[in-house]
S.K.: 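For reference, the structure I am asking about is given below.
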Amino acid sequence: PAVLLELGIAELRSNPPAAIAPLEEALAVMDDPDDRAEGTLELSRALAATGRIQDAVDALGRGLEDLRAAPERLARLEAEMIGLSRYLPDRYEFAAARLGRIRLPLRPAGEPLSTGEAMLLANLASQVVRGGDRREEAVALARQALAGGRLLAELTSPAYSFAVQALAWADELEVALEPARAGGPL
């Protein structure tokens, strides 16, 4: 399964439609819940990249049914499912309701977020700024999501763009450029 997973991930970077079959094959023979969560995340990204967003959301939902995976893996699946659901008119309210259940702060002040937590905050920042009445909260959430550069490692996830879009909609795009000006990752 590991070789199929790596093949699928490599194909996802260069030819997303070709990634689907090896990722599905890998998932079919994986037993470890954390490996399955990782495979599910990559499969959902391949499906979304080929325009099959509903299939991606469905795959993530199935992945979330196995609660044996590590909490960080489950947070990443949840964040990805919420983010993709927001693109589907019939799933938007579902995504908004899931975001509404997030209790802040996710971590004590000054403690870095995990990647999954940063992904969840990016979704929440985007949702808050769309409401139009809590601009400062949206900016704070987006800044927190972008801190540490974890979202950049998720190249095929929409989470980074959600945080940057939240800043742009709040007329704070310069905030997203601060790490580059300081010599860090964008």
S.K.: If you compare all heavy atoms of Leu12 against all heavy atoms of Ala46, which two are closest, and at what distance to 0.1 Å?
M.R.: CD1-CA, 3.5 Å
S.K.: Under the 3.5 angstrom rule, does the side chain of Glu117 hit a backbone N or O of Ser114 as a donor-acceptor pair?
M.R.: yes
S.K.: Does Asp31, at its CG atom, have more than 12 non-hydrogen atoms belonging to other residues, nucleotides or ligands within less than 6.0 Å?
M.R.: no
S.K.: If I compare all heavy atoms of Asn123 with all of Gly83, which pair ends up nearest, and what's the gap?
M.R.: OD1-CA, 3.0 Å
S.K.: When rounded to the nearest 0.5 angstrom, what distance separates CG in Leu88 from CD in Glu93?
M.R.: 13.0 Å
S.K.: Does Arg134 reach the main-chain N or O of Val128 with its side chain, forming a donor-acceptor pair under 3.5 Å?
M.R.: no
S.K.: Quick one: pull up CD in Glu174 and CD in Glu172 and give me the separation to the nearest 0.5 Å.
M.R.: 9.0 Å
S.K.: Taking 4.0 angstrom as the limit, do Arg45 and Glu80 come out as a salt bridge?
M.R.: yes
S.K.: How close do Ala70 and Asp34 get, counting heavy atoms only, and between which atoms?
M.R.: N-OD1, 2.7 Å
S.K.: With sequence neighbours left out, write down each residue that passes salt bridge (charged side-chain N to carboxylate O under 4.0 Å, His left out) with Glu72, or none if nothing qualifies.
M.R.: none
S.K.: Restricting to non-hydrogen atoms, name the atom on Ala163 and the atom on Leu151 that form the minimum distance, rounded to 0.1 Å.
M.R.: CB-CD1, 4.3 Å
S.K.: Taking all non-hydrogen atoms of both residues, which atom of Leu113 and which atom of Ala118 are closest, and how far apart?
M.R.: CD1-CA, 4.0 Å
S.K.: Please check if the side chain of Arg76 supplies one atom and the backbone of Leu41 the other of a donor-acceptor pair under 3.5 Å.
M.R.: no
S.K.: Between Tyr92 and Gln127, do the side chains contain an N or O donor and an N or O acceptor separated by less than 3.5 Å?
M.R.: yes
S.K.: Restricting to side chain to side chain contact (heavy atoms under 4.5 Å, CB included), what partner residues turn up for Ser126, sequence neighbours left out?
M.R.: Arg86, Arg130, Phe162, Trp169
